[in-house]
Amino acid sequence: MYFAVDLDGNHEPLLLVIGLGTLECEESWRLFMMKLKECLGEDTEVGFISNLCDKMDFAVQSVYPDSYHEYCPKDIARKIRDLVGHNDTEVETLFWKSCNAYSVHDFYLCLERLQSACRKPPFCTLLRSPIFWLDDIAISKWTRAFFPKVRYNVKSIDVPEMLQIISTSTREFPITTIIELINTSIQSKRLSGGVTPYVENKVQKRVNKSYNWVARRLYGDTFEVDDNSVTTKVQFERRVCSCGK
(Lines give C-alpha, C1' and ligand atoms only; values in the text may rest on other atoms or scores of the structure.)
Protein backbone atom coordinates (compact mmCIF):
# COMPACT_ATOMS: atom_id res chain seq x y z
CA MET A 1 0.00 0.00 0.00
CA TYR A 2 1.13 3.52 -0.81
CA PHE A 3 0.07 6.51 1.30
CA ALA A 4 0.22 10.27 0.86
CA VAL A 5 -0.52 12.18 4.08
CA ASP A 6 -0.61 15.94 4.49
CA LEU A 7 -0.45 18.24 7.53
CA ASP A 8 -2.97 21.08 7.66
CA GLY A 9 -2.63 24.48 9.32
CA ASN A 10 -3.48 22.92 12.69
CA HIS A 11 -0.54 20.53 12.33
CA GLU A 12 -3.03 17.68 12.01
CA PRO A 13 -2.86 14.80 9.51
CA LEU A 14 -5.01 14.62 6.41
CA LEU A 15 -5.07 11.47 4.31
CA LEU A 16 -4.81 12.52 0.65
CA VAL A 17 -4.66 9.26 -1.27
CA ILE A 18 -4.07 5.52 -0.89
CA GLY A 19 -2.58 3.41 -3.66
CA LEU A 20 -2.37 -0.34 -4.10
CA GLY A 21 0.42 -2.21 -5.82
CA THR A 22 1.83 -5.71 -6.11
CA LEU A 23 5.49 -4.68 -5.91
CA GLU A 24 7.37 -1.73 -4.40
CA CYS A 25 9.63 -0.50 -7.17
CA GLU A 26 10.57 2.75 -8.87
CA GLU A 27 7.88 2.39 -11.53
CA SER A 28 5.17 1.70 -8.95
CA TRP A 29 6.16 4.79 -6.98
CA ARG A 30 6.21 6.81 -10.19
CA LEU A 31 2.69 5.68 -11.11
CA PHE A 32 1.49 6.56 -7.61
CA MET A 33 3.05 10.02 -7.89
CA MET A 34 1.42 10.57 -11.28
CA LYS A 35 -1.99 9.75 -9.81
CA LEU A 36 -1.30 12.06 -6.87
CA LYS A 37 -0.45 14.85 -9.30
CA GLU A 38 -3.74 14.26 -11.11
CA CYS A 39 -5.58 14.72 -7.80
CA LEU A 40 -3.67 17.83 -6.69
CA GLY A 41 -3.41 19.53 -10.06
CA GLU A 42 -0.44 20.81 -12.04
CA ASP A 43 -0.02 24.16 -10.29
CA THR A 44 0.05 22.94 -6.68
CA GLU A 45 3.34 23.63 -4.88
CA VAL A 46 4.27 20.55 -2.88
CA GLY A 47 7.13 19.13 -0.88
CA PHE A 48 7.75 15.56 0.21
CA ILE A 49 9.06 13.97 3.38
CA SER A 50 9.73 10.24 3.31
CA ASN A 51 11.82 7.55 4.91
CA LEU A 52 15.20 6.65 3.39
CA CYS A 53 13.68 5.40 0.15
CA ASP A 54 15.68 5.83 -3.06
CA LYS A 55 12.77 4.51 -5.10
CA MET A 56 10.57 7.38 -3.97
CA ASP A 57 13.39 9.84 -4.63
CA PHE A 58 13.39 8.74 -8.26
CA ALA A 59 9.60 9.11 -8.49
CA VAL A 60 9.60 12.62 -7.01
CA GLN A 61 12.32 13.81 -9.38
CA SER A 62 10.51 12.26 -12.31
CA VAL A 63 6.97 13.52 -11.64
CA TYR A 64 7.63 16.64 -9.53
CA PRO A 65 11.03 17.91 -10.79
CA ASP A 66 10.44 21.42 -9.38
CA SER A 67 9.44 20.26 -5.89
CA TYR A 68 11.65 19.35 -2.96
CA HIS A 69 12.07 16.00 -1.26
CA GLU A 70 13.74 15.38 2.08
CA TYR A 71 14.27 12.35 4.25
CA CYS A 72 12.55 12.17 7.62
CA PRO A 73 15.18 13.04 10.26
CA LYS A 74 13.40 10.71 12.69
CA ASP A 75 14.25 7.86 10.34
CA ILE A 76 17.92 8.89 10.35
CA ALA A 77 17.93 9.41 14.14
CA ARG A 78 16.45 5.92 14.58
CA LYS A 79 19.26 4.44 12.50
CA ILE A 80 21.84 6.34 14.56
CA ARG A 81 20.22 5.05 17.76
CA ASP A 82 20.31 1.47 16.48
CA LEU A 83 23.96 1.69 15.44
CA VAL A 84 25.13 3.40 18.63
CA GLY A 85 23.05 1.06 20.77
CA HIS A 86 21.88 3.68 23.26
CA ASN A 87 18.86 5.88 23.83
CA ASP A 88 19.18 9.67 24.26
CA THR A 89 22.87 9.61 23.40
CA GLU A 90 25.06 12.65 22.96
CA VAL A 91 25.42 11.69 19.31
CA GLU A 92 21.69 11.70 18.67
CA THR A 93 21.24 15.01 20.51
CA LEU A 94 23.97 16.64 18.43
CA PHE A 95 22.45 15.19 15.27
CA TRP A 96 19.14 16.94 16.01
CA LYS A 97 20.94 20.21 16.72
CA SER A 98 22.70 19.93 13.36
CA CYS A 99 19.43 19.03 11.67
CA ASN A 100 17.51 21.97 13.17
CA ALA A 101 20.15 24.70 12.73
CA TYR A 102 18.74 27.60 10.71
CA SER A 103 22.02 29.09 9.45
CA VAL A 104 24.90 27.47 7.58
CA HIS A 105 27.31 28.77 10.24
CA ASP A 106 25.34 27.18 13.09
CA PHE A 107 25.00 23.96 11.13
CA TYR A 108 28.74 23.52 10.69
CA LEU A 109 29.38 24.30 14.35
CA CYS A 110 26.90 21.58 15.37
CA LEU A 111 28.22 19.16 12.75
CA GLU A 112 31.79 19.62 14.01
CA ARG A 113 30.65 18.80 17.54
CA LEU A 114 28.75 15.77 16.21
CA GLN A 115 31.78 14.45 14.34
CA SER A 116 33.97 15.08 17.37
CA ALA A 117 31.60 13.11 19.62
CA CYS A 118 31.59 10.22 17.17
CA ARG A 119 35.39 10.01 17.33
CA LYS A 120 35.26 9.29 21.06
CA PRO A 121 34.50 6.01 22.89
CA PRO A 122 32.10 4.31 23.20
CA PHE A 123 30.71 5.50 19.88
CA CYS A 124 33.86 5.14 17.79
CA THR A 125 35.42 1.79 16.96
CA LEU A 126 38.82 0.98 15.49
CA LEU A 127 37.14 0.62 12.13
CA ARG A 128 34.99 3.72 11.65
CA SER A 129 32.48 6.13 13.13
CA PRO A 130 28.91 4.83 13.59
CA ILE A 131 27.59 7.65 11.39
CA PHE A 132 29.97 7.16 8.44
CA TRP A 133 26.97 6.45 6.18
CA LEU A 134 25.57 9.92 6.87
CA ASP A 135 28.25 11.33 4.55
CA ASP A 136 26.54 9.55 1.64
CA ILE A 137 23.26 11.45 2.18
CA ALA A 138 23.06 14.93 0.66
CA ILE A 139 22.89 17.44 3.50
CA SER A 140 20.04 19.23 1.70
CA LYS A 141 18.02 16.06 2.32
CA TRP A 142 18.03 16.33 6.11
CA THR A 143 19.28 19.75 7.21
CA ARG A 144 17.21 22.87 7.59
CA ALA A 145 20.07 25.26 6.78
CA PHE A 146 20.74 23.76 3.34
CA PHE A 147 17.16 23.25 2.24
CA PRO A 148 17.12 24.36 -1.43
CA LYS A 149 13.67 25.97 -1.54
CA VAL A 150 11.17 27.80 0.62
CA ARG A 151 10.27 25.27 3.28
CA TYR A 152 7.61 25.07 5.93
CA ASN A 153 8.30 24.15 9.53
CA VAL A 154 7.57 20.48 9.01
CA LYS A 155 10.35 17.99 9.40
CA SER A 156 8.58 14.72 10.03
CA ILE A 157 5.19 13.19 10.63
CA ASP A 158 4.48 9.97 12.51
CA VAL A 159 1.31 9.11 10.61
CA PRO A 160 2.98 6.81 8.04
CA GLU A 161 4.29 4.64 10.90
CA MET A 162 0.78 4.41 12.33
CA LEU A 163 -0.64 3.52 8.91
CA GLN A 164 1.98 0.82 8.49
CA ILE A 165 1.02 -0.73 11.83
CA ILE A 166 -2.67 -0.73 10.90
CA SER A 167 -2.12 -2.21 7.45
CA THR A 168 0.24 -4.89 8.83
CA SER A 169 -2.00 -5.95 11.74
CA THR A 170 -5.08 -6.25 9.50
CA ARG A 171 -3.65 -8.17 6.56
CA GLU A 172 -6.42 -10.76 6.66
CA PHE A 173 -9.17 -8.12 6.33
CA PRO A 174 -10.70 -7.14 2.98
CA ILE A 175 -8.77 -4.25 1.41
CA THR A 176 -11.81 -1.94 1.57
CA THR A 177 -12.06 -2.56 5.34
CA ILE A 178 -8.38 -1.77 5.83
CA ILE A 179 -8.72 1.51 3.90
CA GLU A 180 -11.78 2.49 5.97
CA LEU A 181 -9.93 1.72 9.23
CA ILE A 182 -6.99 3.87 8.15
CA ASN A 183 -9.22 6.76 7.11
CA THR A 184 -11.28 6.58 10.32
CA SER A 185 -8.14 6.45 12.48
CA ILE A 186 -6.74 9.61 10.87
CA GLN A 187 -10.02 11.54 10.86
CA SER A 188 -10.57 10.79 14.55
CA LYS A 189 -7.44 12.80 15.34
CA ARG A 190 -8.65 15.91 13.54
CA LEU A 191 -10.33 18.96 15.07
CA SER A 192 -13.71 19.90 13.60
CA GLY A 193 -13.13 23.66 13.83
CA GLY A 194 -10.95 26.39 15.29
CA VAL A 195 -7.30 25.89 16.12
CA THR A 196 -5.68 23.13 18.13
CA PRO A 197 -4.02 23.87 21.50
CA TYR A 198 -0.70 23.11 19.77
CA VAL A 199 -1.18 25.89 17.21
CA GLU A 200 -2.69 28.31 19.72
CA ASN A 201 0.34 27.85 21.98
CA LYS A 202 2.75 28.34 19.07
CA VAL A 203 1.05 31.57 17.98
CA GLN A 204 0.94 32.97 21.52
CA LYS A 205 4.65 32.27 22.06
CA ARG A 206 5.48 34.19 18.91
CA VAL A 207 3.23 37.09 19.91
CA ASN A 208 4.86 37.30 23.35
CA LYS A 209 8.34 37.08 21.89
CA SER A 210 7.80 39.89 19.37
CA TYR A 211 6.23 42.58 21.61
CA ASN A 212 9.33 44.79 21.53
CA TRP A 213 10.32 44.19 17.92
CA VAL A 214 10.31 47.06 15.42
CA ALA A 215 9.24 46.56 11.80
CA ARG A 216 9.90 49.04 8.97
CA ARG A 217 8.59 48.69 5.44
CA LEU A 218 11.38 48.78 2.87
CA TYR A 219 9.30 48.33 -0.30
CA GLY A 220 6.23 46.38 -1.37
CA ASP A 221 5.80 43.36 0.88
CA THR A 222 9.39 43.52 2.18
CA PHE A 223 10.05 44.63 5.75
CA GLU A 224 13.09 45.13 7.93
CA VAL A 225 12.63 43.72 11.43
CA ASP A 226 14.75 44.61 14.44
CA ASP A 227 14.39 42.17 17.35
CA ASN A 228 16.79 44.16 19.60
CA SER A 229 19.70 41.85 18.80
CA VAL A 230 19.78 41.48 15.02
CA THR A 231 18.07 43.06 12.02
CA THR A 232 16.57 40.79 9.36
CA LYS A 233 14.64 41.21 6.12
CA VAL A 234 11.21 39.58 5.73
CA GLN A 235 9.39 39.02 2.43
CA PHE A 236 5.75 38.16 3.06
CA GLU A 237 4.79 36.99 -0.41
CA ARG A 238 7.68 34.52 -0.57
CA ARG A 239 7.30 33.65 3.14
CA VAL A 240 11.02 33.95 3.74
CA CYS A 241 13.27 35.78 6.19
CA SER A 242 17.00 36.43 5.92
CA CYS A 243 17.46 34.69 9.31
CA GLY A 244 16.45 31.42 7.66
CA LYS A 245 13.40 30.81 9.85
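With sequence neighbours excluded, the residues that form a ring pair (Phe, Tyr, Trp, His ring centres under 6.0 Å) with Phe32 are Tyr2, Trp29. Remark: Lys233 engages no residue in a salt bridge (Lys or Arg N to Asp or Glu O under 4.0 Å) (not counting sequence neighbours). Scored by the salt bridge (Lys or Arg N to Asp or Glu O under 4.0 Å) test, Arg217 finds no partners at all (sequence neighbours excluded). Residues satisfying the salt bridge (Lys or Arg N to Asp or Glu O under 4.0 Å) test with Glu112, not counting sequence neighbours, are none. Under the ring pair (Phe, Tyr, Trp, His ring centres under 6.0 Å) criterion, Phe236 pairs with Phe223, sequence neighbours left out.
Using modelled atom types, one side-chain atom of Ser103 and one backbone atom of Asp106 make a donor-acceptor pair closer than 3.5 Å. Of the possible donor and acceptor atoms, none in the side chain of Arg113 sits under 3.5 Å from a partner among the backbone N and O of Leu109. Side chain of Ser62 to backbone of Phe58: no donor-acceptor contact under 3.5 angstrom is found.
Contact of the Asn212 side chain with the Asn228 side chain is registered, since non-hydrogen atoms from C-beta on lie closer than 4.5 Å. Residues Ile137 and Leu52 form a side-chain contact, since some pair of their non-hydrogen atoms from C-beta on lies under 4.5 Å apart. In this structure, Trp213 and Asp226 have side chains that are not in contact, with every pair of non-hydrogen atoms separated by 4.5 Å or more. Val46 has its side chain within reach of Ser67: a pair of non-hydrogen atoms, C-beta onward, lies under 4.5 Å apart. Contact annotation: the side chain of Cys99 never approaches that of Arg144 to less than 4.5 Å [non-hydrogen atoms, C-beta and beyond]. Between Val207 and Gln204, some side-chain heavy-atom pair lies under the 4.5 Å cut-off. Put simply, the side chain of Trp142 reaches to within 4.5 Å of the side chain of Ser98, judged on heavy atoms. Phe95 places none of its side-chain heavy atoms less than 4.5 Å from the side chain of Cys110.
Taking CE of Met34 as the start and CD of Glu27 as the end, the distance is 8.0 Å to the nearest 0.5 Å. Distance check, rounded to the nearest 0.5 Å: CG of Leu134 to CG of Leu114 gives 7.0 Å. A distance of 13.0 Å separates OG1 of Thr143 from OH of Tyr102, quoted to the nearest 0.5 Å. Arg30 contributes atom CZ, which lies 11.5 Å from atom SG of Cys25 (distance to the nearest 0.5 angstrom).
Here Leu218 is tied into one hydrophobic group with Tyr219, each link being a pair of ILVMFWY side chains closer than 4.5 Å.
Follow the hydrophobic side-chain contacts under 4.5 Å out from Val203 and you never reach Val225; the two are in separate clusters. Cluster membership for Leu31 and Leu20, using ILVMFWY side-chain heavy atoms within less than 4.5 angstrom, is not shared. Using a 4.5 Å cut-off between side-chain heavy atoms of Ile, Leu, Val, Met, Phe, Trp and Tyr, with links allowed through other members, Val60 and Val63 fall into the same hydrophobic cluster. Both Ile139 and Trp96 sit in one connected hydrophobic cluster of ILVMFWY residues. Membership requires side-chain heavy atoms under 4.5 Å apart, directly or through other members.
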Show your reasoning for whether side chain to side chain contact (heavy atoms under 4.5 Å, CB included) applies to Arg206 and Lys209. CA-CA 5 Å; Arg206 281 157 175 73; Lys209 188 177 180 181; 5.6 Å; no
Passes side chain to side chain contact (heavy atoms under 4.5 Å, CB included), Met56 versus Met33? Steps please. CA-CA 9 Å; Met56 182 175 171; Met33 285 292 176; 3.4 Å; yes
Decide side chain to side chain contact (heavy atoms under 4.5 Å, CB included) for Cys72 and Asn51; before the verdict, give the C-alpha distance in whole Å, the side-chain angles of both, and the deciding distance to 0.1 Å. CA-CA 5 Å; Cys72 175; Asn51 56 10; 5.7 Å; no
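Residue Lys35 places its NZ atom among 12 or fewer non-hydrogen atoms of other residues, nucleotides or ligands, all under 6.0 Å distant.
Partner Lys141 forms a salt bridge (Lys or Arg N to Asp or Glu O under 4.0 Å) with one of Asp136, Asp57, Asp75 and no other, that one being Asp57.
In plain terms, the two heavy atoms of Gln235 and Thr222 that are nearest each other are CG-OG1, 3.6 Å.
The ring of Phe48 has its center no closer than 6.0 angstrom to the ring center of Tyr71.
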